[in-house]
Peer 1: 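What follows is a structure written as structure tokens; I'll ask about it next.
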Amino acid sequence: MITRRIQYEIAGNVVGPFLTNLDKWRKKLRPKKKGPRKEHPFGPPLESVNRLKDIMTRYYFQGRYADGAVPVAWVTSGFPVEIFRPLGFWTVYPENHAAICSVQRVVPELSDVVEKEGYARDLCGYARADIGSVMTGKTPVGRLPKPDLLACCTNICQTVLYWYRALAEHFKIPLVLIDTPYVYGDAPEHHRQYVKDQLLELLDVAQKITGKTIEPQALAEVTRKANIGSKLWGRCLDASKNKPAPWTGFDEFFHMAPIVSLRGSDECNDYYLTLAEELEDRVKRGIGGLKNETHRLMWDNLPIWFNVRGMSDLLAQNGFNFVCTTYTNAWYEAGKVIDENDPLGSAAKAYTHIILNEDLPKRLSLMKRLAREYDVQGAVLHSDRSCKPYSIGQYDLKDRLQAEANIRVMVLEADHADPRAFSAEQADNRLTAFMESFA
Ligand code: SF4
């Protein structure tokens, strides 16, 4: 235990930072390409990108040594993760890890393994990638620490329940489920109480595993930090209400990693303060995410992780920018509600009112608000084969948005994780035709 703890501390405080610096030095020393530089349609890169890489590299590197050194919890993306921090848990987001697998295009390989075990290809690509990674030990991040606790909240989908049950069976460890009733309008008081009671049970289990007691003051403090971090993230998103937007929706997808994985920490808040200041400075100086932003769009649903580059190039070359996305916005909407004066009660409210746990009228009204505030002329609704709960109702939303927000809307069929359910040519043709409709 002591040796493991020393390894873990060295990994986080010495080797992790050294590796990120090594990468920077390598880039500096790499001979510059000769000849004319290729013209591209993007504005100057964000300086905060380097810090983001440092934080996430260190997070995954130190994570390799976390099990046996500190308690480890694997959690779903809509889980009130901050509650774990005062107890010293290292938290892993299998969904974030699966997104990395998708960017690295290893999902088909991992999925093949689980499909042979009887899991259907129609199951969410995140679940297939994660279970495949657990079964094979293969991961682009080196190693994931083994969990002591699995924590799953059904506010995003029911898939996570069956996925985490499979993990619990594999690791033979406790699974805590936070069940959130689906919200029509506003969650009634008894629903919030039901969720709050489950959070109290979560505290019991987490305290038993760590042998520590969570002090009310520590819970209030971490809730305060999570609230600040979420608002800072919101401030970064708000910067795109300006014209031109100082970054693109594709940038947002990558910069959201700390608010998902490190919410409630100083590191997360420091990062978003720096990013917000950089974005606001770019706004003042008229620097856009695109050199020439001619059209502003909204994106709905998860990104197509393995094709972010291809799609962002195509849109940028034509002056189209996703200035807001319902996905990145979700981490602002929930976090701004949590309140240090009532950590568990406010968490019950916040994490029940998650976009995927709310009815279609709520989603429509959110999208109309975003369309208005960010002044978009169109929207692309990603009908995601993997994520059924996010994709359901999109054809109705399309009609209503066109009629009520007076914007052009297209539905793009794809998958957020598995390139086998995606045709790049077809998607490019459809997006090109959509962009031409604005001429
Ligand atoms: S089905 Fe959707 S919400 Fe559920 S884990 Fe997959 S991507 Fe996330």
Side-chain angles (χ1 to χ4, degrees), residues 73-81 91-103 107-108 110-111 114-115 119-134 144 147 150-168 175-183 253 256-257 259-261 263 299-308 325-331 333-334 351-360 362-363 366 381-394 397 411-422:
W74 285 20
V75 298
T76 52
S77 63
F79 200 89
V81 65
T91 50
V92 171
Y93 278 86
E95 291 152 79
N96 180 262
H97 169 250
I100 296 174
C101 292
S102 178
V103 171
V107 173
L110 297 172
S111 186
V114 297
E115 284 170 38
Y119 289 92
R121 196 182 278 193
D122 282 331
L123 186 64
C124 170
Y126 276 174
R128 280 181 281 128
D130 180 55
I131 297 171
S133 177
V134 166
L144 286 179
L150 294 159
C152 153
C153 184
T154 55
N155 57 359
I156 50 172
C157 64
Q158 293 297 317
T159 301
V160 290
L161 169 58
Y162 298 99
W163 167 5
Y164 275 56
R165 270 188 186 155
L167 293 177
L175 161 64
V176 174
L177 166 71
I178 305 291
D179 175 45
T180 48
Y182 195 72
V183 177
F253 291 141
M256 67 189 279
I259 195 62
V260 178
S261 304
R263 194 166 61 253
W299 174 268
D300 181 48
N301 213 322
L302 280 83
I304 304 167
W305 287 114
F306 53 86
N307 192 50
V308 163
T325 89
T326 56
Y327 186 56
T328 50
N329 182 64
W331 272 269
E333 298 291 332
Y351 290 98
T352 301
H353 289 84
I354 292 276
I355 183 170
L356 289 182
N357 202 45
E358 294 188 304
D359 59 12
L360 283 185
K362 266 276 180 74
R363 266 175 71 185
L366 168 79
L381 314 186
H382 168 203
S383 175
D384 183 348
R385 187 180 170 83
S386 264
C387 190
K388 281 85 179 167
Y390 216 144
S391 308
I392 204 157
Q394 278 178 320
L397 286 171
V411 175
L412 181 70
E413 309 239 341
D415 192 281
H416 69 258
D418 193 341
R420 295 172 301 182
F422 176 71

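Excluded from the calculations below are hydrogen atoms, water molecules and symmetry mates; all remaining heavy atoms, backbone and side chain alike, are included. Remember, it's a predicted structure, so these values are computed and weren't measured experimentally. Order of listing sets the numbers, starting from 1, for every ligand and every atom in it.
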Peer 1: Can you name the atoms of ligand 1, numbered from 1 with element, that are less than 4.0 Å from a heavy atom of H416?
Peer 2: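 Reading through ligand 1 atom by atom, the close ones are 7 (S).
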Peer 1: Under 3.5 Å, side chain of E95 to main-chain N/O of Y126, donor-acceptor pair present?
Peer 2: no
Peer 1: In chain order, what residues pass the salt bridge (charged side-chain N to carboxylate O under 4.0 Å, His left out) check against R165, with sequence neighbours excluded?
Peer 2: none
Peer 1: Assign the ring pair Y390 / Y327 to parallel, tilted or perpendicular, where the plane angle (0 to 90°) is split at 30° and 60°.
Peer 2: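 Aromatic pair Y390/Y327 classed tilted.
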Peer 1: Leaving out waters, which are not shown anyway, how many protein N, O or S atoms lie closer than 2.8 Å to atom 4 (Fe) of ligand 1?
Peer 2: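 Excluding waters, the total comes to 1.
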Peer 1: Under 3.5 Å, which donor-acceptor pairs link side chains of residues 414-421 to any protein atom two or more places apart or in another chain?
Peer 2:
unit_1	atom_1	unit_2	atom_2	d
D415	OD1	S386	OG	3.2
D415	OD1	A417	N	2.8
D415	OD1	D418	N	2.8
D415	OD2	S386	N	3.2
D415	OD2	S386	OG	3.0
H416	ND1	D384	OD1	3.4
H416	ND1	D384	OD2	2.6
D418	OD1	R420	N	3.0
D418	OD1	R420	NE	3.1
D418	OD2	R128	NH1	2.8
D418	OD2	R420	NE	3.3
D418	OD2	R420	NH2	2.8
R420	NH1	D112	OD1	3.0
R420	NH2	S111	OG	3.1
R420	NH2	E115	OE2	3.1

Peer 1: Residues two or more places apart in sequence or in another chain: which of them pass salt bridge (charged side-chain N to carboxylate O under 4.0 Å, His left out) with D130?
Peer 2: none
Peer 1: Any side-chain to backbone donor/acceptor pair from N155 onto I354? Under 3.5 Å, distance only.
Peer 2: no
Peer 1: Short list, please: which atoms of ligand 1 are under 4.0 Å from a heavy atom of W163?
Peer 2: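 Matching atoms, with element in brackets: 5 (S).
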Peer 1: Would you say I392 has more than 12 foreign heavy atoms packed within less than 6.0 Å of its CD1?
Peer 2: no
